[in-house]
Amino acid sequence: QLKPPNIAALKANLKRLEGNLEKISDQALNYSLGSQLLEKTESGIEAVQEVLQKLPQEADDPEVQAMLEGNFVQPQLVEFQNRLFPALRKIFVASAQAGKLELDDVPPEILGRFVSEDQTYAIYAYPSVNIWEREPLTEFVKELRTVDPHVTGPPIMFFEILNLVRNSYFQAGLYSALAIFLIFLIDFKSLRYSLLAFLPLILGTFSLFGLMSLFGLSFNTANMIALPMILGIGADNGVHMIHRFREEKETNIDFLFGSTGKALLITYLDTLTSFVGLAFANHQGLGQLGRVVILGITCCTAAGVLFLPSIMVLIIKQRVKRKA
């Protein structure tokens, strides 16, 4: 039987025992009786942790010394010892005497992940770089394809998706812009007014690209829907302003400081608040989507409020000169 131990030494020995059991647990599946060994080691780890939790925290406390001298630690450790070693002894002996592991000894659900029915072996290559960034992903895929051009897996699929997005994303944006301009032509029935309404959208979009480069943002599979949203939302400013300008017979822009200007401001703020919460999301993709949309609608609104009125003022001056 164990004698009443020193509390610090007792804890150290229990910790060492727990560590050894964890090492055995990590290697358990390499043996034919691995499942049984794993079950026993987990029970042993739980028992050790239970004993550690019941041990006093301070060894210098008089109450602790009294408990050590009494029947607190010793019976529990003796019971733990008597249960643990007989339960694990057979497993340890069987594991030590186990022969070489053959493929037939591996469970089919595990073997099927590495060896096919025609005895083709699967080789898994794990990257040492962050493949969620484009440049490391490209280099990783390039190196893999030097070994086998038909290599596959999640990184390959992600790489091809990025290429498809990159090649077709701006084409989709161009088609959306052309469709918007066609709607302007149908609405205004004038190339001049259609171009005026379309200019803030063009300036705002290119300003967005510049700010994204400045802030280190880029279009990716997570925020690729931002550009069509920005084109649709950003087109509103020019349409409302040009319609009101025509109603005023191109004589003034006072409406920008009245009803139309207030309506545009409220619309902008309403859209902005809808994406502010998204911009601060913990999810990286959703956060980037929110930030890109906020930048886009801000750029389009600023272009509409600052640039388009300047063009209107020039048109008014030309009309005055012609009348004079």
Side-chain angles (χ1 to χ4, degrees), residues 133-134 162 165-185 187-188 191-245 253 255-257 260-281 284-316:
E133 296 180 2
R134 183 172 184 83
L162 285 180
V165 171
R166 186 177 184 180
N167 295 333
S168 60
Y169 184 73
F170 291 102
Q171 292 181 2
L174 177 61
Y175 296 152
S176 299
L178 292 175
I180 292 173
F181 186 72
L182 179 62
I183 293 174
F184 284 179
L185 285 174
D187 180 32
F188 291 111
L191 180 61
R192 176 195 180 195
Y193 288 121
S194 298
L195 288 173
L196 285 176
F198 198 67
L199 279 176
L201 182 59
I202 296 298
L203 291 176
T205 302
F206 281 100
S207 299
L208 168 65
F209 295 157
L211 290 176
M212 288 180 64
S213 177
L214 179 64
F215 295 131
L217 298 173
S218 61
F219 287 111
N220 51 48
T221 53
N223 60 26
M224 63 182 180
I225 63 173
L227 187 58
M229 293 171 61
I230 293 169
L231 293 176
I233 297 172
D236 294 343
N237 297 312
V239 172
H240 294 306
M241 294 172 69
I242 294 300
H243 270 296
R244 185 60 187 271
F245 187 57
I253 58 171
F255 58 87
L256 290 177
F257 308 99
T260 303
K262 291 180 181 179
L264 292 175
L265 178 62
I266 295 300
T267 301
Y268 164 71
L269 293 177
D270 179 57
T271 306
L272 187 69
T273 53
S274 301
F275 289 95
V276 165
L278 198 62
F280 293 98
Q284 184 177 2
L286 293 178
Q288 281 196 10
L289 173 62
R291 289 189 286 272
V292 170
V293 173
I294 288 175
L295 281 177
I297 61 176
T298 300
C299 290
C300 291
T301 302
V305 173
L306 299 177
F307 175 75
L308 197 54
S310 302
I311 301 297
M312 293 177 180
V313 170
L314 290 177
I315 294 175
I316 293 172

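Predicted model only: the values in this text are computed from it and were never measured.
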Exercise for the section: Just do the side-chain contact (heavy atoms from CB on, under 4.5 Å) check on R244 and L264 with the steps written out, would you? Expected result: CA-CA 12 Å; R244 185 60 187 271; L264 292 175; over 6 Å; no

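- Closest non-hydrogen pair, I315 versus R192, comes out as CG2-NH2, 3.3 Å.
- Separation of atoms CD1 (I180) and CG (L231) is listed at 5.0 Å; rounding is to 0.5 Å.
- Distance check, rounded to the nearest 0.5 Å: CG of L201 to CZ of F198 gives 5.0 Å.
- Rounding to the nearest 0.5 Å places CG of L278 at 8.0 Å from CD1 of I294.
- Applying the side-chain contact (heavy atoms from CB on, under 4.5 Å) test between L308 and each of L199, I242, N237, I253 identifies I242 as the sole match.
- Contact record, L196 with P200: O-CD, 3.2 Å, taken as the closest heavy-atom pair.
- L208 CG to I230 CD1: the interatomic distance, rounded to the nearest 0.5 Å, is 4.5 Å.
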Problem - CA sep, side-chain torsions, deciding dist, call: D187, H243, side-chain contact (heavy atoms from CB on, under 4.5 Å) - result: CA-CA 10 Å; D187 180 32; H243 270 296; 2.7 Å; yes

Exercise for the section: Go through the steps for F275 and R291 under the test side-chain contact (heavy atoms from CB on, under 4.5 Å), then give the verdict. Expected result: CA-CA 8 Å; F275 289 95; R291 289 189 286 272; over 6 Å; no

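- The CE atom of M212 sits 8.0 Å away from atom CG of L295, with the distance rounded to the nearest 0.5 Å.
- Of the possible polar contacts, none joining the S213 side chain to the F209 backbone as a donor-acceptor pair under 3.5 Å is found.
- Minimum interatomic distance between T273 and D270 (heavy atoms only, all atoms of both residues): OG1-O, 2.8 Å.
- Considering only residues two or more places apart in sequence or on other chains, Y268 meets the ring pair (Phe, Tyr, Trp, His ring centres under 6.0 Å) condition with none of them.
- G204 and C299 make their closest contact through O-CB, 3.3 Å (heavy atoms, listed as atom of the first residue, atom of the second, distance).
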Problem - Working for side-chain contact (heavy atoms from CB on, under 4.5 Å), residues I316 and F245 - result: CA-CA 10 Å; I316 293 172; F245 187 57; 4.0 Å; yes

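- In this structure, OG1 on T205 lies 6.5 Å from CG on L227, to the nearest 0.5 angstrom.
- Between L191 and F181 the shortest heavy-atom distance is CD1-CZ, 3.8 Å.
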